[in-house]
Number of protein chains: 2
Amino acid sequence: MADENYKMVLPLRKTYVSSCRAATQSTPEQGNVPPHHLTHHRRHHRPLPHLRHHARPHHLHHQEAGLHAAQVTPCMCPLFSCQWEGHLEVVVPHLRQMHRVDILQGAEIVFLATDMHLPAPADWIIMHSCLGHHFLLVLRKQERHEGHPQFFATMMLIGTPTQADCFTYRLELNRNHRRLKWEATPRSVLECVDSVITDGDCLVLNTSLAQLFSDNGSLAIGIAITATEVCSSEAEM
Amino acid sequence: MADENYKMVLPLRKTYVSSCRAATQSTPEQGNVPPHHLTHHRRHHRPLPHLRHHARPHHLHHQEAGLHAAQVTPCMCPLFSCQWEGHLEVVVPHLRQMHRVDILQGAEIVFLATDMHLPAPADWIIMHSCLGHHFLLVLRKQERHEGHPQFFATMMLIGTPTQADCFTYRLELNRNHRRLKWEATPRSVLECVDSVITDGDCLVLNTSLAQLFSDNGSLAIGIAITATEVCSSEAEM
């Protein structure tokens with residue numbers, strides 16, 4: 001993992017529900033979230049620290065101007081806790097400006113998730129820019145079986161499923177004489193990250209493995225993206 | 001995975017308990033197994049097919065003659081369902097002759113576990129001979145959370161913990177545009193395979209991942225062993 005960028009990320013706390021999105025869900029600011037979603041956890045966003053860019057936040061709408069005609073694909077924010085809907089092309093500015101998700105550059109990076117001991121549910125999120133596209137890494141701590149939290153990590157392309165098929169991502173953990181690598185084709189953010197994680201079609205760690213790979217409560221995940229075939233010239237994001 | 005050996009292995013059915021071994025446990029033939037071990041499953045051995053060697057079975061005892069003086073280490077059979085105790089040096093003939101576990105040769109092999117759909121608990125077991133040692137691969141299907149079977153794969157060295165530290169093993173699954181690799185130091189059979197699996201310090205697959213990596217109910221696991229440092233000249237097995 002030479003020449004890697006390196007980013008420390010604190011968890012973005014969230015409440016998890018098994019469905020992709022609840023139609024009646026409130027925004028965090030409103031505070032009147034339906035109680036069946038929040039039996040044990042309050043939903044709030046904890047802004048990510050170490051923000052290097054200084055973009056001015058503003059609200060984006062799906063009527064956003066200036067979209068490329070060929071890619072006007074409506075979609076929802078890939079973060080569960082957000083009601084935003086817009087076009088695929090403005091997902092990146094939405095994530096940066098509304099959720100303050102930082103972007104790492106380069107084909108190989110290291111994502112350092114801190115405070116792994118915090119109770120489920122929790123999300124750690126980073127954007128990764130390379131090969132002309134933006135990718136979204138989601139690391140989620142979740143209890144699929146009560147009292148047994150697990151960690152799920154997957155990578156989404158902020159692009160269409162056809163574009164996603166051009167790439168392979170690799171997640172790698174390496175510590176304590178153990179190494180775990182997961183390679184797969186990223187999913188498109190037009191699909192639902194929650195269903196990917198619920199299906200377990202991602203890197204899955206039980207708590208003891210997560211501890212073995214962690215250093216002082218932080219988990220370093222090496223991320224690499226490669227192009228599996230010549231991507232079409234539509235890579236414009 | 002070029003130049004690999006290839007072996008198809010049917011599951012060895014077993015009953016799992018969380019402790020390493022029950023002192024009062026009966027052999028399968030006796031049929032009077034304590035009921036707290038066998039609430040749902042009958043214990044029986046299904047002989048492994050495709051047996052290439054024709055060793056004559058015989059009972060081994062821990063008074064086995066002809067042991068090397070420096071390695072007379074008493075141990076138990078690594079298979080839960082067996083009461084045998086003996087010395088480390090005769091674990092391999094015990095596994096071959098009493099349990100008909102076959103041996104694959106070569107630094108890289110492929111282990112094909114069939115009938116992955118069978119209900120838990122089940123074990124698939126193979127011995128792997130390379131670099132002057134014998135290794136034991138254990139693939140276990142087990143329900144750690146009721147109704148949610150998982151697969152656990154680990155490799156044990158039929159040798160001492162000091163000898164085990166000389167090696168790294170890699171298990172690799174590769175199918176459906178997904179690849180999962182687990183690398184670790186093998187444990188010694190003097191440790192308890194059940195505790196390794198209970199701790200989850202091994203390759204862990206949920207059912208959906210196992211299905212993604214399976215072909216027609218069979219899971220192919222690529223296995224490679226490497227020496228991590230110059231092993232001492234005590235490699236005599």
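Residue numbers begin at 1 in each chain, while the letters A, B, ... track the order of the sequences. Basis for what follows: all heavy atoms, side chains included, without hydrogens, waters or symmetry-related copies. Values in this document were obtained by computation on a predicted structure and should not be read as measured data.
- Considering CG of B/D165 and NE2 of A/H177, their distance stands at 8.0 Å, rounded to 0.5 Å.
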request  = Evaluate the criterion side-chain contact (heavy atoms from CB on, under 4.5 Å) for residue pair B/N206 and A/V204; output intermediate values, then yes/no.
outcome  = CA-CA 8 Å; B/N206 56 35; A/V204 184; 3.9 Å; yes
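- With a 4.5 angstrom heavy-atom cutoff, A/F213 touches chain B only via side-chain atoms.
- The CZ atom of B/R178 sits 7.0 Å away from atom OG1 of A/T185, with the distance rounded to the nearest 0.5 Å.
- Contacts of B/L212 with chain A are made by side-chain atoms alone, with heavy-atom separations under 4.5 Å and no backbone atom involved.
- For the atom pair A/L203 CG and B/L209 CG, the distance stands at 9.0 Å (nearest 0.5 Å).
- B/H145 NE2 to A/Q150 CD: the interatomic distance, rounded to the nearest 0.5 Å, is 6.0 Å.
- Between the CZ atom of A/R179 and the CZ atom of B/R170 there is a distance of 10.0 Å, given to the nearest 0.5 Å.
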